[in-house]
Structure formats: structure tokens, C-alpha cells
Amino acid sequence: MNTFNFSKHLDIKNVRINDTFWNSIIKLVKNEVIPYQYLALQDKIDGAEKSFCIENFIKAKNTKNKMKCGKSIKTFPVDKWHYDEKNSEPEAFKGWVFQDSDVYKWIEAVSYSLQNFPDSELESKALEYIDIICDAQLENGYLDTLYIINDISKAFTNLKDHHELYCFGHLAEAAVSFYNATGNDKLLKTACAFADLICDTFGENKIKGYDGHEICEMALFKLYKATGIKKYLDTALFFINERGKKPYYYDTEKGIVSTGDNYHYNQAHIPPRQQTEAVGHAVRGVYLYSAMADLAKELKDKELKATCDSIWDNIENKKMYITGGIGATVDGEAFSFDYDLPNDLAYSETCASIGLIFFARRMGEMSFDSKYNDVIERALYNTVLAGMGQDGKSFFYVNPLEVLPEASRCDSRKHHIKPVRQKWFGCACCPPNLARLISSLNEYIYNENDNTIFINQYICSSAKTKYGNLELCEQNGKYILKADFSKPIKIALRIPYWCDKFELNRSFEIINGYAVFNCSHDYIEINLNTAPKIVRCSNRVRANTGKAAVTYGPFIYCLEEADNGCDLQMLSIDTSKKPVLNNGYITAEGYREIPDSRLYMNYLEPRKEKCTLKFIPYYKWGNRGENEMCVYVRV
Ligand code: FUB
Ligand code: ZN
């Protein structure tokens, strides 16, 4: 295999999902999340924190119109990350500085959803928001409601803390998706006008700055792919190459929060090409690494690819939770040091796992190795799914692996850990991110290149590949692959990391975690022999020594108080007995200690009695009211 054995994921247009499990979730997003968010963006949900999203766009349009008529414009400060009813005037911008991005993410989710389920009413709602967005854009292409409303003279003066380039990124991603879904280019033109302004503003002999929250690199690349306009690619590369150079660009700005000369938080402490490990704010990190992977692939840039490899290795082997969560510390919503993966203090933001999936897909397109899709599966079936309640109306931002509701209430170090999903967040980055990922799941199943079709996820679906049709379905506990190709083609079937023993009804060769075989008109039976397992974490992770977790296929399981009573720390699992799958639960033999009556005593084994532990999939936790939860249990 050479280093650049590229493949490309199949586009959403060419993949139809027919999977009972996933279809119910995709439909939940369509029927509950998308309509709910539509209302939340207009602050029409009783009891939910206000978003101010649409209100800000309307205010921006009014300010723009006043500017056009030469009327005097009142300005307001742009000195905060968050503006609420108390710390700002009524006519000023409200909410988080990145509030615009929630509308863009909603439109992106709608765009994918429309390709799965055409819906003219939903399309009209998206068009209604698109009109509101486009009406707020200034003549020169600028579009960020915070600065338009509060003080346009300060635009692009605080790249480190403010999110103009971030909001642009989400605008561009939404615009490309909406155009692909509907052929309507109104938002695409708006995104291109803003992109043109950005290309004119930043670069050699222009402002040598770069975004504080990465995404515009990835988005400019997407815009380049959609339009063929080369300056978008050049500017994305400029941002990556400029980042972290000394003297630091951020030192020339007056940031809201002074970080001294420590720009790890923004992955800007050294140039990305010199970075070897994942640091700083986790979502920012994985969005940057995704763009680096895009450009490494597009430009066949071996240096950038080597950097991505090293950062990937650091995340996968030292900084990722068993649930595919990343960002172990609330302090900066950030990656912590190697092997620091506390269960009860975890940040593990839903958006960070979504970003990890973006990074993984790009890495998987550059290398013939199943490990990237293993991570996609881990993050998808656990942290991402856990991010949304089964009602589709409540969400987790933070995804801990151990929860004690009392600690969340009483211990300020754990205030970020919510024992139940929230209706909506003022800082609502995660729910719309989740909606756009789930609605575009079609694009994570198959890849193709000049001689191979890759089957990366076991999601029942039919696909149109360049060689012919393919169908993956499930029958009697086995997967069936039906191929109808015009000529013999290589299939690379990912053998998941959790599968110890599999059977295929044909001969194959194992290459980097894929079973590879030729096929043309074929019916292939795949038996992955899924069974509940007891697994453990490296003993380098202090939080998990002497503990184990229970899994079934891609699902990580957990214990909840609702099934096991309180004081989950009193439980231990008997690893000599096989756990058993039982009506969606996994039961395992174990023990419960009898609570001690004193705080200290001479050492004696605590008294314990036999009990049966009842585990549920991690993604389902927190759907039965407030209660204790843990993934790892003592052995
Ligand atoms: O800054 C925008 C988004 O808000 C980040 O991606 C999230 O981590 C949250 O801080
Ligand atoms: Zn988020």
C-alpha cells in the first residue's frame, strides 16, 4: 500500500439506509429534533433557555438597512463571549458570540434530512431562515450578527475569542449542503460572498491572522470542492500554515481573556505542522485536524499527513474514552494529559465526538486501515447517541462515564455534569451538531476508490457505487451483502475491533483490519458472532485500575441506579462468569458490599453478598429520571 491509497465516501445521494435501529433515530431527528430546533431558534420553547438566534439576524438586517440609508447607528460593546438580558441593552446582540452558527447547523441538518425524506414544508421553513440570513448580509459580504448589530467598525479585531470565522465556517457548510440537496444556490452565493471577503482580508500581505475556533479551514475546503474556486483552498492552507507562528498574531489583538503566550487552547502554541499531540479545546482541535487531513489528502502533503498520523495516534491510544468521548477536562473543555481519563469529571462534549468522527472519516479516506472506522463506530454508538434523549427533545452536552447526582449539585468541580438531559442550552452547539451528523449518516457507511469498495459501518443500506449496486442487510443475526457489479471488484469489509471471531462464506485476506475479497454478482454471508464481553482499560489510566466495563458489539454498557439501587461503587463484577444478554439488558454475576458503619477501621475484606448486575447501553442512560450511573465497575 502506498501512503496515499485514497478512497472517498459515497455521497448521501447514493446511499439509502434501511436499518431498523438507525432509521428510528434518523426519524427521531427528523420528526422531533429538527422541528424542535426550528422553534428553539425563534425562542418559542417554553422553559428552554433563549437562543436569540433569529432575533439577532432580524436585528442585524435592521442595522444593515439603517447603514444603507445613512442613518446614525448606535453601537454597543463587543467585549464579552456572552450577552444576556442583564449585561446588554435591549437593541444589542444577545446570546453567545457564536449564536449564528446554530441556525446554520440546523439548515445543514435539514439539507441532509431532505435527501432522506423529501418534505416541501420543511424545505420552505429552511428557505424562510435562508431569507432571514441573507437579508442580514452586508454589501461587502460580511455576515456576523454580533458585529453587525453591536459595532461593525470592530469586525475581525478579536479573532482569538470571537467567532466570525467560525460562524462563516458553519454558514459555508450549510450552504454547500443546502445547494447539494435542493439545487437552490441562494445561501451558497451568500457564503461565497463572505468567503471572498475573507480571502481578500486574510493572507500574505493582508491580515496574517487565523480563527480562534477552527472550522473555517474545513469549510473553505468544502466550498472549494463545491465551486472549484481555488482561492478558497489557498486561504484554508494559509490559515493552517500561519497558525502558531511567532510572533503570535493573537498577541496583537485585545482578547477578552488573556491567555498570556499560551495558545494551546486554540492549537496555536506552535504551527500545526510541528504538533504531535492533541491539545487544547477538544472541538477546536478535531475541527483543525479534520481540515489538516482534508488538505493533506488534496495536496498529497506528506508532512501534513504525518502530523495528522501522530495526532491521531495520540488521541486514539492515550486520550479517548471507551465511549469515543474526547476532552477529559472541563478546564478549557479540553484534552488533558496522556492517560488522564477521569470518569466522573469527564467533559467529553457531544460536539467533540462528532468532530472526532469528522477527523476519523478523513483519515480513513487517506489510509487503508480499519482503525479509523472503529473509532467512528465507538463514538457514534456511544457518546453521540447518548447526546440525545429518547424523546429527541433533551440533550447532553457533557458525557461523563460516572454520575452521582448529589455530586453534580454540591461539588462545583462537577457542575458541568448534568444527571439528566437538558431541554435546550443557551450554548446549544451540541444538539444541532448531532442533528446534522445523524441526518448525514449515509455518508459514513461506504467508501470507494479505483479498485475497492470499503464497507465501513454495519448499517443496513443499499448503495449505488461506480461499479454497480450493493446492499447490506441483516437476516437471522447475520449480515448479508448482495453485490451486483459489472465486473469483479475488491470488497474491503471492516472487521470491527470488538469482534473476536467472524465467519465469511468465501475466502478472504485480512489487510489492516479489513477482510478483502473479490466479488461481482454475489451473496455474501457475514457472521460477526457478537457476544457480551467484559473488557478493561489500560492500567496507565489511573481512574480505571481494578475495574472493567461490559460491552456488546459496538455498544458500551453501564449500570444505572434504576436497575441496581444506589451506591454503585459497592458493586463488583465476577469476571470468571460470562455476562448474558437478556431483553436488551446485559446481566452479570457480581457482589454488593455491605456499607461500613464507621469511616475508618482495621483492614478486613468488606462484607459482601452475591448479586446480579444489570447493565443497559450507555447511550440509553438518564432516560428514567435523575439517578446514579457508571460505566466501569470494580472486578
Ligand atoms: O465555541 C463554540 C462552541 O461552544 C464550541 O465548539 C463548544 O465547545 C462550545 O464551547
Ligand atoms: Zn457542543
Side-chain angles (χ1 to χ4, degrees), residues 1-19 22 290 293-294 296-298 305 308-309 312 316 356-381 437 440-474 479-499 502 504 506-526 528 553-554:
M1 279 324 129
N2 70 37
T3 329
F4 290 104
N5 197 323
F6 297 155
S7 63
K8 171 90 183 73
H9 62 267
L10 290 189
D11 190 86
I12 187 165
K13 283 200 239 355
N14 295 320
V15 182
R16 293 277 64 84
I17 294 181
N18 319 309
D19 189 287
W22 280 108
S290 299
D294 273 337
K297 182 181 177 201
E298 180 72 14
K305 163 81 165 54
C308 291
D309 286 341
W312 174 271
E316 186 194 1
L356 178 62
I357 290 175
F358 297 158
F359 182 34
R361 184 173 77 187
R362 286 159 173 82
M363 292 301 284
E365 291 187 0
M366 266 197 292
S367 332
F368 193 150
D369 195 321
S370 67
K371 65 184 180 185
Y372 303 108
N373 281 288
D374 282 345
V375 166
I376 290 181
E377 187 183 54
R378 196 188 271 287
L380 186 62
Y381 284 81
L437 178 77
S440 61
L441 211 54
N442 319 48
E443 299 200 335
Y444 292 82
I445 307 172
Y446 306 96
N447 280 19
E448 62 185 5
N449 69 12
D450 287 346
N451 52 26
T452 309
I453 307 276
F454 296 80
I455 294 159
N456 288 318
Q457 298 301 333
Y458 288 86
I459 298 178
C460 298
S461 49
S462 52
K464 280 196 190 116
T465 77
K466 56 183 170 189
Y467 307 108
N469 295 335
L470 196 59
E471 193 184 335
L472 180 67
C473 53
E474 209 179 344
Y479 284 99
I480 308 291
L481 190 63
K482 294 178 201 161
D484 187 12
F485 297 153
S486 46
K487 58 176 187 178
I489 289 297
K490 240 187 245 159
I491 293 276
L493 179 75
R494 181 178 66 95
I495 303 305
Y497 68 95
W498 45 262
C499 176
F502 71 96
L504 271 186
R506 59 175 51 230
S507 54
F508 57 87
E509 190 189 352
I510 290 286
I511 304 176
N512 298 337
Y514 285 96
V516 180
F517 51 90
N518 282 316
C519 100
S520 51
H521 301 282
D522 278 286
Y523 181 93
I524 298 134
E525 280 184 22
I526 310 153
L528 294 178

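The figures here come from the full heavy-atom set of this structure, side chains too, leaving out hydrogens, waters and symmetry mates. Remember, predicted model here, so these are calculated numbers, not experimental data.
Looking only at distances, a side-chain donor or acceptor of Ser440 sits under 3.5 Å from a matching main-chain atom of Leu437.
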Dump the intermediate steps for side-chain contact (heavy atoms from CB on, under 4.5 Å) on Ile480 and Glu474, then the final yes or no. CA-CA 6 Å; Ile480 308 291; Glu474 209 179 344; over 6 Å; no
Please test Lys466 against Asp450 for salt bridge (Lys or Arg N to Asp or Glu O under 4.0 Å), starting from the C-alpha separation and ending with a verdict. CA-CA 9 Å; Lys466 56 183 170 189; Asp450 287 346; 3.8 Å; yes
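In this structure Trp312 satisfies the ring-ring contact (aromatic ring centres under 6.0 Å, His included) test together with Phe359, Tyr372, sequence neighbours excluded. The ring-ring contact (aromatic ring centres under 6.0 Å, His included) search around Tyr479 returns Tyr458, not counting sequence neighbours. Phe454 meets the ring-ring contact (aromatic ring centres under 6.0 Å, His included) test with Phe368, Tyr514; sequence neighbours excluded. With sequence neighbours excluded, the residues that form a side-chain hydrogen bond (donor to acceptor under 3.5 Å, both in side chains) with Ser7 are Asn447. Considering only residues two or more places apart in sequence or on other chains, Glu448 meets the salt bridge (Lys or Arg N to Asp or Glu O under 4.0 Å) condition with none of them. Listed by chain and number, the residues in a side-chain hydrogen bond (donor to acceptor under 3.5 Å, both in side chains) with Ser461 are Tyr446 (sequence neighbours excluded). Taking the salt bridge (Lys or Arg N to Asp or Glu O under 4.0 Å) definition, one finds that Glu471 meets it with nothing, sequence neighbours left out. With sequence neighbours excluded, the residues forming a side-chain hydrogen bond (donor to acceptor under 3.5 Å, both in side chains) with Asp484 are His521, listed by chain and number. Looking at residues two or more places apart in sequence or on another chain, you find a ring-ring contact (aromatic ring centres under 6.0 Å, His included) between Phe502 and Phe508. Annotation: salt bridge (Lys or Arg N to Asp or Glu O under 4.0 Å) contacts of Asp19 (sequence neighbours excluded): none. For Glu365, the salt bridge (Lys or Arg N to Asp or Glu O under 4.0 Å) criterion is met by Lys297, not counting sequence neighbours.
When all heavy atoms of Ile12 and Arg16 are compared, the closest pair comes out as O-NH2, 3.8 Å. Residues Val375 and Glu316 approach most closely at CG2-CG, 4.1 Å, considering heavy atoms. Here the closest non-hydrogen pair linking Cys308 and Ala293 is SG-N, 3.6 Å. Residue Leu10 comes nearest to Lys464 through the heavy atom pair CD1-O, 3.9 Å, listed as atom of the first residue, atom of the second, then distance. Taking both residues in full, the closest heavy atoms of Glu377 and Pro496 are given as OE1-CB, 4.0 Å, listed atom of the first, atom of the second, then distance. Of all non-hydrogen atoms in Leu380 and Ile357, the two that sit nearest each other are N-CD1, 3.9 Å.
Asn449 contributes atom CG, which lies 12.5 Å from atom NZ of Lys8 (distance to the nearest 0.5 angstrom). Here the CG-CZ distance, from Asn373 to Arg361, works out to 10.0 Å after rounding to the nearest 0.5 Å. Between atom NZ of residue Lys487 and atom CG of residue Asn518 there is a gap of 11.5 Å, rounded to the nearest 0.5 Å. Going from atom OG of Ser370 over to atom CD1 of Ile495 covers 8.5 Å, rounded to the nearest 0.5 Å. Distance check, rounded to the nearest 0.5 Å: CG of Leu481 to CG of Leu504 gives 9.5 Å. Taken to the nearest 0.5 Å, the CD1 atom of Ile376 stands 7.0 Å off from the CG atom of Asn456.
Using a 4.5 Å cut-off on side-chain heavy atoms (C-beta onward), Asp374 and Trp498 make no contact. Inter-residue side-chain proximity for Tyr444 and His9 is flagged as unmet; no heavy-atom pair is nearer than 4.5 Å. Annotation: side chain of Val516 is not in contact with side chain of Thr452 (no heavy-atom distance under 4.5 Å). Looking only at side-chain heavy atoms (C-beta outward), Met363 and Asp309 come within less than 4.5 Å of each other. Counting heavy atoms from C-beta outward, Thr465 and Ile489 have side chains that stay 4.5 Å or more apart. Annotation: side chain of Leu472 is not in contact with side chain of Ile459 (no heavy-atom distance under 4.5 Å). Put simply, the side chain of Trp22 does not reach to within 4.5 Å of the side chain of Ile445, judged on heavy atoms.
Residue pairs meeting the salt bridge (charged side-chain N to carboxylate O under 4.0 Å, His left out) criterion with at least one member in residues 514-523, sequence neighbours excluded, are Arg506-Asp522.
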